[in-house]
Amino acid sequence: MARRARGTNVREIEMKVNGIAYHETVEPRRLLVDFLRDQLGLTGTHIGCEHGVCGACTVLVDGQSVRACLMLAVQADGAEVTTVEGLARDGKLHPLQEAFWEHHALQCGFCTPGMLLTAYELLQTNRKPEPDAIRDAIAGNLCRCTGYQNIVTAIQAAAQAGGRA
Amino acid sequence: MADTPRRKWVGKSIRRLEDPKLLAGEARYIDDVHESGMLHAAVLRSPYAHARIKRIDTSRAKALPGVVAVVTGKEAAVLAGPVPAFCAEPVVQHAIAIEKVRFAGEAVAAVAAVDRYVAEDAIDLIEVEWEPLAVVSDVESALRPGGPLVHENLGTNLVFGRTLTFGDVKGDFARADRVVRRRLRWPRVAAVPLETAGAVAKYERTSRRMTVWANTNMYHYSAMPFAGTLKVDPNKFSIVPVAVGGSFGSKHLLSKVITIAGILSKASGRPVKFMEDRIDNLAASDSHASDRSYGAELAVTADGRFLSLRIDVVDDYGAYFQFGQTSHGNYLSQVTGPYTIGSVEITLKAVLTNKCQQMVYRGAGSEVNNWVLEALVDTAARQLGMSPVDVRRKNLIRPEQFPYKIPTGNYYDSGNYAGVLDLALRMVDLDRWRQEQARLRAAGRYIGIGLATCQQRSVYSATEFWFWYEKPGFPVTATPEGVTVRIGQSGQFTVSLNSPFWGNSPETVVAQVLAEEFGIDPSTVSVLYEDSLRALPAAGPGGSRLTVMLAGAVTGASRKLKDKIFRIAAHLLEASPQDLVLADGKVSVAGVPQRGLTLADIAANAHFFKMSLPAELETGLDASHTYDHPFTTPPSADRSDLGAFYPIVAHAAHVPVVEIDIDTGLVKFLDYVAVHDCGTMMNPAALDGQIAGGIAQGIGTALYEEFVYDSEGQLRTASLLDYLLPTAAEVPSIRIGHQETPSPYTPYGLKGSGEGGRMVAPAAVANAVQDALAPLGVEVSELPITPDRIVRWVREAQARR
Amino acid sequence: MKPPAFRYVDPRSVADAVGHLQEHGGGAKILAGGQSLLPLMNLRLVRPQVVVDINRISALAYIRETDGVLALGGLSRLHAVVGSDAVTRRAPLLAEAAAHVGHLAIRHRGTIGGNLAHADPASEIPAALLALEGEVVATGPRGARTIAVADLFRGPLSTALDPTELLTEVRVPITPPGCGSVFLEVSRRAGDFALAGIGVLLQRDGEQCARVRIGVCGVGGTPLRMREAERILERSGVTEDTLRAAARAVEHAVAPSDDTQASADYRRHVAGVLTVRALRQAWQRAGREGR
């Protein structure tokens, strides 16, 4: 996949994604989101705009949310990355995913992976966020289906259920 | 209601069957489809809005390593014909432009390469020599005699114009005490789903078979025309549905995306994926929506009764006319709203310009008419010195008047509009807000309480596609939805759908219906999506039809299955079928529950034990059913009566409360109440989700979104930094209420509800802003209501005083 | 929307970075947080031959306080700036402005040096640093030099930095006691660039306005210092009349242009509105500080 374009260099990188170590070769221009999707086959991370506005490609790099369309794969060399595929364990949904399901916080599901990771990060730092804090935290993740309120409810519910795991 | 049948599953907010795979990142969207040997496409787009292509040189692109195919419009035309169009006029369009381009962003050449990066590198190497032409940048320049033409063969840019009159409009206007007039401007917006459009086409050259994966909606309806475009035998052309990351009407066709992938697969002999990127999607999705200028008049009596409505509308369609004037047929189903208005006249001018063409967006034109009507109603109230509530009450259709035939010929099936209004006002506590408004106004703060009471027609009939035409090209009258229900060897249910998942809840709907019909646990139902060659007839999601139509199809298939189940059970139990009852997944003799068989027993017999069956029954336990429109009649030849074509009509009242900072023009929501009557509710949680999501989109239309083109036809809002989708910080919490007035025409009394939030919200929000600014003398005549516009309107009003 | 090919280097030291810049001249682009550069590259509006990724120069990520000055390494993430105790206490205006930049995921990557070097005229941080009278350190082949933030911006996306220079440090005078500072902006949506934004640092001496500094963004080709408004307030104190006069001075001094989000008229008007609101608030905050 990582084609070498003329006059450019390729890099070997190591990355731990959802706990699994990878050693891959990439062209420097390859965006992290394309690396995850095309090279590692982790298609749960979605591409919505590729200019950093919609938040659909949000993943965690070393525990911090980033736009995977605004980061080169080479920049994540040595990093630990978490994608939506890393939330559920052995077929059991994460409490946040359960809360999204229970509170109908998704419709088409396209923004959902990015939204989940943003919410996951929020609950790591704020155990009991108020609705306004939740809205502020997810304002960088566009959703065109839900009108957001069920997402806010779900995140609150997950927080109440101690959904930081 | 006292006689509401007791139901166990219809009406229950069960968790969606669709969700686990979506939550876990396991769902397969179009960009997740991978075929071995697959190439990736990119498209060269026109920088000019209107220009002749004098020369294209693709040699450098072709020479780039990793590039497998490069096609220009001329080369593509050998592999594919024009893309399907639903209009009667000869507005021909090719997936890749041939001699001239008609909007900035139109495809000029396409590349298939080993990955998208290389494909874009190749695009950069294509050289085009242009001859720029004068640009038709707006409706005025389009209609100016002697000006440039978007399509020379038409001889005009007025692609369609007609007046339709229903009832005694002249007489009613002559009788009126007052005519309320507004000039209104609805902006060009679009659905802009989070997922762009895409397709993977795989053409097998020797067998001449083509398989297309795409996030299109009407894939059964449109497969045949696509096969024609791509020159493949219809029975060797298949569209495979995938999970759709939102459509809201924008993905009904995807003519060019599918055709470009198909052309490149034919040219390369390999599977090709073409994904729109976001810039493609904003500038060239072929799915911008209504862009309308209105002159509207409401004839009223001195005591506030509405007599007649006259609407003059000019719609800027952009460069092509793929869906005809469908979005103007749509609102004729509910043009007079929930009111007893006796006559109506519509004059439509559909105009072509050098912009991206229109498709439909949630509401399909009816949300626009709702806004126009509700603006007229509020204006009438102000002019008559009545309250917005009183003037509506005076004109609402009463419960005993249903089924109610409106002047255009469409019917409203059922309703209790005053009940919805009462509940909404109670929920929002109107009196308290009016007091608060007065108190804060004295303190220099501007509170606005908006009211809109609107129809939401559902379950379209295909006649809306063509009745504007005197001589329609293809007057289709089928609007089907088929399903197949299979009870497997162990008694478990599997359903084959023939429409895609596009964010709605088709799996949950069919599971709830089967649970209701058979007493099974809905979470055990398995749902498959069939490709177009295997599919039963289906028109797909759109026009708020799918829940109703799937319920009709599944109940139809259930009847057939139950008949067989009862005959098998009767045979095995040595009872008469009439004496049997089906409950909780078990068939037993009425009153003797121990004399019974589980569905698993019956299924096992049906599948494995032919000799245990009545002789006339075949092995197996499955049924297909294609449900077509429950109530539709043809339009009259002279179009004075359009027939019933959208008669399942939900209703809603929205009451947003806003505060406006008149110094910055910022609008803040203090409350938002929405009460909907969608007939019997299938799944209240899913319905609330649709309502809230639609309202968020309506708020986008009312306050944030607009495609702005400049005088050179360049799109100035071509990124998501410029085209503003509302975020969680802009959309308020919505308080939703329900009333249930069942439809007499549909299974369980369901009504469609998918578009309801956006049907009403733009009107309600605009009326709220209007209410806040009325004391300053501002009249809201244009959307979106941006901070810039509010500040300007306030200043202009102050200057007038 | 994929970036064109480029040569990629990720030096571990400022000297190496400068070496690469020197070697490749104008064909090289510095990749800091990438939150503005990568969208432009994805759109192929910027096509560097060489990308000099400075994210591995860990020595450039620091926030420390020395001799009355807050020093922030150029690679300090905006998230760190917002959350920094030192910044929040010693130059609260900077923390307040940085919190307005984009969303958390953007601030995790975005850096203060990159923000300034990109020189978006609608960006909040430059306006705040104008009011704070900050300076930057630019390191190039001939060593380091200091540039006042007031002298940094030449036009939209254009600065006084040489193509061979790296913005290595931002220096902010510590806000003295008795000061109130405020950052306000109007944007279409949460996280969007400012249609108009204002940063105010006001030092109050009883009922006297001892010193006030005002920076604005979104209302010109560069962020602008509002000196006339400052003079009015320093001369005549903070009253409703002087606030109005200051607002008029701001409306007069700004040079906004039209775009699809707002007209020049609107931006000018709102700059005036925000002037009054920000100064009033800063005056109150300074009063609380003084007690």
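Just so you know, these numbers use all the heavy atoms, side chains as well, and skip hydrogens, waters and symmetry mates. Each chain gets a letter, A, B and so on, in the order the sequences are listed, and its residues count up from 1. On a predicted model such as this, the values are computed, not experimentally measured, just so you know.
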At a heavy-atom separation under 4.5 Å, does [X] approach chain C through its side chain, its backbone, both, or neither?
X      : result
B:D124 : side chain
B:L666 : side chain
B:D661 : side chain
B:E120 : both

Less than 4.0 Å between a side-chain N and a carboxylate O, is that true for [Y] and [X]?
X      : Y      : result
C:K2   : B:D115 : no
C:R44  : B:D121 : yes
B:E706 : B:R188 : no
C:E251 : C:R244 : no

Close approach to chain C in residues 787-800 of chain B, criterion heavy atom under 4.5 Å: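 Answer by number: B:P787, B:D788, B:V791, B:R795.
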Per-residue contacts, residues 698-705 of chain B versus chain C, heavy atoms under 4.5 Å: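 Result: B:L703, B:Y704.
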Residue pair C:Y8 / C:D53, side-chain donor-acceptor N/O under 3.5 Å: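 On atom types as modelled, these side chains qualify, holding a pair under 3.5 Å.
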C:S123 and C:N115: side chain donor to acceptor below 3.5 Å: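 A pair is found: one side chain offers a donor N or O, the other an acceptor, under 3.5 Å apart.
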Positions in residues 266-276 of chain C that reach chain B, provided some heavy atom is under 4.5 Å away: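 C:Y266, C:H269, C:V270, C:V273, listed by number.
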Residues of residues 182-198 of chain C contacting chain B, heavy-atom criterion under 4.5 Å, by residue number: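 Residues of residues 182-198 of chain C touching chain B at under 4.5 Å: C:V186, C:S187, C:R188, C:R189, C:A190, C:D192.
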Between [options], which residue shows the highest count of heavy-atom pairs closer than 4.5 Å to chain C?
options                : result
B:R116, B:E730, B:R278 : B:E730
B:L724, B:L725, B:V708 : B:L724
B:L721, B:I279, B:T727 : B:I279

Side-chain donor or acceptor of [X] paired with backbone N/O of [Y] under 3.5 Å:
X      : Y      : result
C:H108 : C:A80  : no
B:K355 : B:S137 : yes
B:T196 : B:E276 : yes
C:E124 : C:C217 : no

Do [X] and [Y] have side chains that get closer than 4.5 Å, going by heavy atoms?
X      : Y      : result
C:V254 : C:M226 : yes
B:E195 : B:I30  : yes
C:V51  : C:M41  : yes

Separation of C:T111 OG1 from C:H79 NE2 (nearest 0.5 Å):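 Those atoms lie 14.5 Å apart.
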Worked verdict on B:D31 versus B:K273 for salt bridge (charged side-chain N to carboxylate O under 4.0 Å, His left out): CA-CA 8 Å; B:D31 201 16; B:K273 176 188 286 184; 3.2 Å; yes
Option among B:D138, B:D316, B:D291 that satisfies the salt bridge (charged side-chain N to carboxylate O under 4.0 Å, His left out) test with B:R185: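 Only match with B:R185 under salt bridge (charged side-chain N to carboxylate O under 4.0 Å, His left out): B:D291.
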Candidate pair B:R45 and B:E106, rule side-chain contact (heavy atoms from CB on, under 4.5 Å), full reasoning: CA-CA 5 Å; B:R45 300 197 173 276; B:E106 184 156 15; over 6 Å; no
Trace of the side-chain contact (heavy atoms from CB on, under 4.5 Å) decision for B:T353 with B:F103: CA-CA 8 Å; B:T353 61; B:F103 68 100; over 6 Å; no
B:E782 CD: over 12 foreign heavy atoms closer than 6.0 Å: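 Atom CD in B:E782 is crowded, with more than 12 foreign heavy atoms closer than 6.0 Å.
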Per-residue contact mode, C:P3 against chain B (heavy atom under 4.5 angstrom):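 Both backbone and side chain.
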Criterion side-chain contact (heavy atoms from CB on, under 4.5 Å) on B:V118 and B:L64, from CA distance to verdict: CA-CA 8 Å; B:V118 177; B:L64 186 73; 3.9 Å; yes
